[in-house]
Protein chains: 2
Amino acid sequence: MAPKATLGDDLFERLLELIYSCELPPGAIVNESALAARFAVSRGPVREAVRRLQGIQLVSREPFMRARVITLEPRAVRELFEMREALEGYACRLAAQRMDAAEIERLAAGLEHNRSRALGGDEHQSPAESFDFHERIVRASGNARIVDTLCGDLYHLLRLYRRWSGAAGERRSIAYTEHRQILLAIRGRDGELAESLMRSHIARAAENVLRNLPASAEDAGSDAGVSAA
Amino acid sequence: MAPKATLGDDLFERLLELIYSCELPPGAIVNESALAARFAVSRGPVREAVRRLQGIQLVSREPFMRARVITLEPRAVRELFEMREALEGYACRLAAQRMDAAEIERLAAGLEHNRSRALGGDEHQSPAESFDFHERIVRASGNARIVDTLCGDLYHLLRLYRRWSGAAGERRSIAYTEHRQILLAIRGRDGELAESLMRSHIARAAENVLRNLPASAEDAGSDAGVSAA
DNA sequence: AGGGCTATAAGTGTCAACAATTCATCCCGG
DNA sequence: CCGGGATGAATTGTTGACACTTATAGCCCT
């Protein structure tokens with residue numbers, strides 16, 4: 001139905017999936033030739049896809065060196081969440097100023113819908129739906145550049161960190177409360193408050209993720225990493 | 001002295017310079033073959049460099065379409081400055097918390113040095129040095145991800161907009177005052193104030209740039225662009 | 001036995017040709 | 001005179017081979 005995409009674009013998605021599924025675990029070396037053979041394409045498209053991964057900093061890059069999937073260093077996690085605080089906070093402020101009433105009500109409906117479903121059975125669906133709330137607000141900011149940066153780059157990383165550290169779930173009911181406060185601030189058109197709440201919300205999530213980290217040497221500086229798999 | 005860089009990396013810098021010098025003006029089509037012939041390399045490295053330009057959104061990208069240098073649309077300018085407000089504001093807050101005393105004094109010295117030099121002759125050197133102040137603060141934030149996003153991506157765009165719109169210079173003395181206020185907030189370790197001041201500073205700069213725009217159809221939506229050169 | 005050097009192997013960077021797609025032109029019909 | 005469709009040219013996407021760099025393994029020397 002959509003044969004317009006190029007091979008490189010497809011490969012990008014597939015490599016992303018490979019990383020998500022931990023078939024390419026953190027720290028794994030990304031071999032262009034091997035991947036080319038695996039997907040039955042030439043090295044050109046693979047190279048292009050890998051370069052895009054490197055562009056959003058999912059794999060390391062040094063000129064002639066072998067590329068590796070990034071690892072879960074506390075410093076990187078901290079930096080990611082700080083950037084989210086800055087960007088999503090501001091996006092939330094913009095959304096509070098710019099969303100129209102109908103949009104706000106759709107957001108509220110989605111939030112309540114997810115809550116009622118969460119009170120039921122589906123436990124593991126939750127993180128994706130938490131994303132949904134954040135993503136809707138970001139997209140409502142009316143700033144395509146911020147949207148692209150968050151949804152196109154940072155959220156990939158965030159999903160990875162969530163999956164790798166296995167940290168998610170127990171914060172769900174708390175998250176609902178915080179989400180609801182944010183929604184109320186948006187509904188009241190209080191951009192200042194909405195930004196502040198979103199920042200706190202993300203900061204708490206960061207603490208939660210950082211707590212469940214393997215080696216919690218936050219400010220160690222030099223990295224003594226994952227050598228033995 | 002540094003022959004370790006690959007051709008693709010060199011080409012990236014050179015294409016950047018080509019865009020800065022308006023040899024590739026806004027809206028110009030970026031022809032891989034032509035550039036390859038011009039720089040006496042194959043299309044591979046050129047392709048890679050162009051893809052990197054596309055990655056930071058300096059040239060447009062659609063699968064089989066010809067790539068074009070982006071144009072100076074008011075919407076994009078607004079979005080760029082909004083993102084700067086979010087990111088640099090937060091970076092400024094972090095810097096206020098994390099810079100050590102010696103670093104702050106170096107920043108102050110640089111600011112005064114530029115001022116005294118600005119009071120002298122060199123008029124056109126000023127914008128680069130204004131960047132210097134901002135860039136120092138950003139780098140002092142201690143967040144490599146934010147630093148890369150701002151200094152690696154957004155600042156390229158910012159320089160372009162400045163050059164294309166020709167807007168710079170008359171705000172210099174005002175900028176000094178605002179820079180000085182920011183410095184004082186940092187020295188007082190008031191992250192909240194520093195962020196607020198930085199945001200206002202950038203917002204004012206945005207207004208200044210948007211004022212000097214050719215067609216000021218801010219929320220026009222559809223673009224009627226530069227067809228005749 | 002351990003450290004440093006060399007040779008081999010593996011992997012990345014680059015190139016030139018081929019295939020697929022889009023853009024420009026021209027012709028035709030209305 | 002204008003719009004639509006086919007044709008040819010220009011441009012991008014893809015491929016496989018070659019050149020260069022880095023990593024691995026083995027060897028010699030101390």
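Sequence lines set the chain letters: A, B, ... in the order given, protein chains first and strands last, and positions in each chain run from 1.
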Carboxylate-amine/guanidinium proximity below 4.0 Å for [X] and [Y]:
{"X": "B/Glu48", "Y": "A/Arg52", "answer": "no"}
{"X": "A/Arg199", "Y": "A/Glu195", "answer": "yes"}
{"X": "A/Arg14", "Y": "A/Asp10", "answer": "no"}

Between [N] ([atom2]) and [X] ([atom1]): distance, integer Å:
{"X": "B/Asp9", "N": "D/dC20", "atom1": "CG", "atom2": "C1'", "result": "15 Å"}
{"X": "A/Asp10", "N": "D/dG13", "atom1": "CG", "atom2": "C1'", "result": "12 Å"}
{"X": "A/Glu62", "N": "D/dT22", "atom1": "CD", "atom2": "C1'", "result": "12 Å"}
{"X": "B/Arg66", "N": "D/dT11", "atom1": "CZ", "atom2": "P", "result": "6 Å"}
{"X": "B/Met65", "N": "C/dT22", "atom1": "CE", "atom2": "P", "result": "8 Å"}
{"X": "B/Leu35", "N": "D/dT12", "atom1": "CG", "atom2": "C1'", "result": "13 Å"}
{"X": "B/Arg68", "N": "C/dC23", "atom1": "CZ", "atom2": "P", "result": "10 Å"}
{"X": "B/Asn31", "N": "C/dA24", "atom1": "CG", "atom2": "P", "result": "12 Å"}

Q.
Over 60° means perpendicular and under 30° means parallel, so tell me whether A/Phe133 and A/His179 are parallel, tilted or perpendicular.
A.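 The arrangement is parallel - the two ring planes meet at less than 30°.
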Q) Which word best sums up how the rings of A/His156 and A/Tyr20 line up, parallel for under 30°, tilted for 30 to 60°, or perpendicular for over 60°? A)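 Ring orientation, 0 to 90° scale: tilted.
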Q: Quick one: label B/Val30 by what it contacts on the DNA or RNA (base, sugar-phosphate, nothing), any heavy atom closer than 4.0 Å.
A: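 Sugar-phosphate, backbone atoms only, no base.
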(Q) Regarding A/Gly44, tell me which of base, sugar-phosphate or nothing describes its non-hydrogen contacts under 4.0 Å with the strands shown. (A)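 Base, at least one base atom sits under 4.0 Å.
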Q: Report the residue (B/Arg47 or A/Phe64) whose heavy-atom-nearest nucleotide on DNA chain D is the more 5′ of the two.
A: B/Arg47
Q) Within less than 4.0 Å of OP1 or OP2 of C/dT12, is there a side-chain N or O belonging to A/Arg61? A) no
Q.
From the set D/dT12, C/dT14, D/dT14, return the single nucleotide nearest to any side-chain atom of B/Thr6.
A.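 From the listed options, C/dT14 comes nearest.
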Q) Donor-acceptor pair under 3.5 Å: do we get one between A/Arg43's side chain and the base of C/dG11? A) no
